[in-house]
Amino acid sequence: MIDIKLLREQPEFVRAAIANKKFKTDIDAVLELDATRRSKITDAEQARAAQKAANKEMAALPKGSPEFIAKVGEMKSIAASAKELEAEAKAADEAFQEAFLSIPNLPDPSVPIGKGEDENVVSSTWGDADAEFPNALPHFDIPWFESRVDFARGVKTAGAGFPFYVGEMSRLVRALINFFLEEARQNGYEEVLPPIVVNAESATATGQLPDKEGQMYVDEKEGLYLIPTAEVPVTNFYRDEIFDAEQLPVYRCAYTPCFRREAGSWGAHVRGLNRLHQFDKVELVKWTDNKSSMEELEKLRDNVEGTLQKLGLPYRVLRMCTGDIGFTHAKQYDLEVFAAGQKRWLEVSSCSNFTDFQARRAGIRYRGADGKPLTAHTLNGSGLAVPRVLAAILENNLQADGRVKVPDCLQYWMQQEFIGELKA
RNA sequence: GGAGAAGUGGCUGAGUGGCCGAAAGCGCUUCUUUGCUAAAGAAGUGAACCUCAAAAGGGUUCCGCGGGUUCGAAUCCCGCCUUCUCCGCCA
């Protein structure tokens, strides 16, 4: 959530800032609910203060004395009205909180203004996407692909979008995960292995609830959600905690499977590894003070770019426009690799600064110079998502002989120069 | 899964209906004295929200969480969560 003081003091600024985001919010309604809530709280507190004062007098009277008994009668009505006012204040507060939670984070001024994905700005490109990839095929058209990424048996066992990776392909996935974690470690991120289910409090703190409720798998019996990204458990590690200023910034990384229902997004362009219900990802998470988060976002993006460069995959960096950045995001870069077989750019990482938006929901703070708690900033980025990186490797590294060359940086874990089968 | 016990401030821990936002100790901060480390003494020591232009000040809430009883709840009742012990089961 945003800073309520900013909304009260500069409603026009907030209105203008979020006007370019894709989310609809009624600022005036929120302000009105805030005013109602505050006056109700004041009324209730005054009633309660009066009751407490009267109670104090009463406690001094001898129990059972006539004055005492007379006072009890009087107190009953005072207590009843205080209770009523408190209930009203609580209802007004809840109404406000619900509306307030629907206000998205404000985009940073550096974010390009635009309505949707067509207006994202390509800020840099690495490698040569126009180079000849004479042998490239869409990965799902490689003859031996289905024998190593088995969708049919995945359907039988779980459903569409839950493939089995078999044999050398399973090892290649494992090699990628290890490579990504090792890259993160060398860049100073401490590894954690988090729970892959979270409760509703955690999902709300990072902003998945209520915004993306329909996208998560839920165990209603236990009230647990399968995580859509490691961002959720990892960021919640420090929920409701206060850092010492000198601890910041904190860098963490985590490998987890990620689960997404992808309701409504099935259709064209989702063949093969392009979009799955379960996929593996290494996530990078940072907690910073309220000054350095934009700088830390650039470092985070650089870290991820370095990993892509070692894999030798052409990629481009998109500065996401106001109309395409997420609900919780102040600034976002998407990194896309070029898959030469499909001749498509595949998103493999999203690096984002949430400023204080998640941290305020999550109660993540730090003590400033005066000892007072300040809201921290949180950031995260994929480093990286496995299936689409794998897709690009399969397509771009396909050899004339029908096999795929394994990138050199994976040799330590893979110990195999090629995967697949020679052409008949 | 069954039976039992317990959850109080940064920590230990007292408190069984009003005088308790909560004793005492430890820790921490500042100050004083002595002064190499230390010791002794004094004062202070949480958060959220409301009020206030701001600061100061004032107010409300918070004793695992949520309800209830009562004029009044850390204290009584109900539900839940967590931890511990024993039994069962299991990787």
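Chain A is the first sequence line, chain B the second, and so forth, proteins listed ahead of strands; every chain is numbered from 1.
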Under 30°, 30 to 60°, or over 60°: which ring-plane class applies to A:F145 and A:F151, parallel, tilted or perpendicular?
tilted
What is the minimum heavy-atom distance between A:L33 and A:A95, and which atoms define it?
CD1-O, 3.8 Å
Span that lies between the C1' atom of B:C81 and that of B:A24, in whole angstrom:
31 Å
Name the pairing partner of B:U12, where a pair is Watson-Crick or G-U wobble with both distances under 3.5 Å, or state none.
B:A24
To the closest 0.5 Å, what do you measure between CZ (A:R37) and CD1 (A:I4)?
6.5 Å
Determine the interatomic distance between C1' on B:G67 and the same-named atom on B:U12; round to the nearest Å.
32 Å
Expressed as a whole number of Å, how far does the C1' atom of B:C20 sit from that of B:U61?
15 Å
Judged by nearest nucleotide, the residue sitting upstream toward the 5' end of RNA chain B, A:T42 or A:E9, is A:T42
If you walk 5' to 3' along RNA chain B, what is the first nucleotide with an atom under 4.0 Å of a heavy atom in chain A, and what is the last?
B:G18 to B:G72
Could you measure between the two C1' atoms, the one in B:G21 and the one in B:G46, and give it in whole Å?
10 Å
So which one's nearest nucleotide on RNA chain B is more toward 5', A:K56 or A:A50?
A:K56
Pairwise P distance for B:G10 and B:G88, with rounding to whole Å
40 Å
Short question: side chain of A:D34, backbone of A:V30 - any donor-acceptor pair under 3.5 Å?
no
Would you say A:N120's side chain and A:L318's backbone share a donor-acceptor pair under 3.5 angstrom?
no
Suppose we define a pair by two distances each less than 3.5 Å, Watson-Crick or G-U wobble; what does B:C86 pair with here?
B:G2
Using the C1' atom as the reference point in each nucleotide, state the distance between B:U69 and B:C77 in Å, no decimals.
7 Å
Flag this pair as yes if the NZ/CZ of A:R403 is under 6.0 angstrom from the six-membered ring centre of A:F418 and inside a 45 degree cone about the axis; otherwise no.
yes
With a 4.0 Å cut-off on heavy atoms, is A:K40 in touch with a base, just the backbone sugar-phosphate, or nothing at all?
nothing
With rounding to whole Å, what would you report as the distance between B:C31 and B:U37 at their P atoms?
16 Å
Answer for the Watson-Crick or wobble partner of B:A54, both distances under 3.5 Å, is none
If you measure from the P atom in B:C11 to the same atom in B:G64, how many Å do you get, rounded?
13 Å
Across all strands, who's sitting opposite B:U37 as a Watson-Crick or G-U wobble pair, both distances under 3.5 Å?
none
With sugar-phosphate meaning primed atoms plus P, OP1 and OP2, does A:R360 contact a base, only sugar-phosphate, or nothing at under 4.0 Å between heavy atoms?
nothing
Strictly below 4.0 Å, heavy-atom distances to any atom of RNA chain B: list the hits from residues 66-89 of chain A, or just say none.
A:F68, A:V72, A:M75, A:K76, A:A79, A:K83
Looking at every non-hydrogen atom in both residues, tell me the closest pair between A:D324 and A:G116 and how far apart they are.
CB-C, 4.2 Å
For A:K115, is there any backbone N or O sitting under 3.5 Å from a side-chain donor or acceptor partner on A:E119?
yes
Looking at B:C80, which nucleotide sits across from it as a Watson-Crick or G-U wobble partner, both distances under 3.5 angstrom, or is there none?
B:G64
Checking N1-N3 plus N6-O4 or O6-N4 for Watson-Crick, or N1-O2 and O6-N3 for wobble, each under 3.5 Å, the partner of B:U29 is B:A43
Which part of the nucleic acid does A:Q51 contact within heavy-atom distance under 4.0 Å: base, sugar-phosphate only, or nothing?
sugar-phosphate
Non-hydrogen side-chain atoms of A:E201 and A:R239 separated by less than 4.5 Å
yes
Give a yes or no on whether A:F68 atom CZ has more than 12 heavy-atom contacts from other residues, nucleotides or ligands under 6.0 Å away.
yes
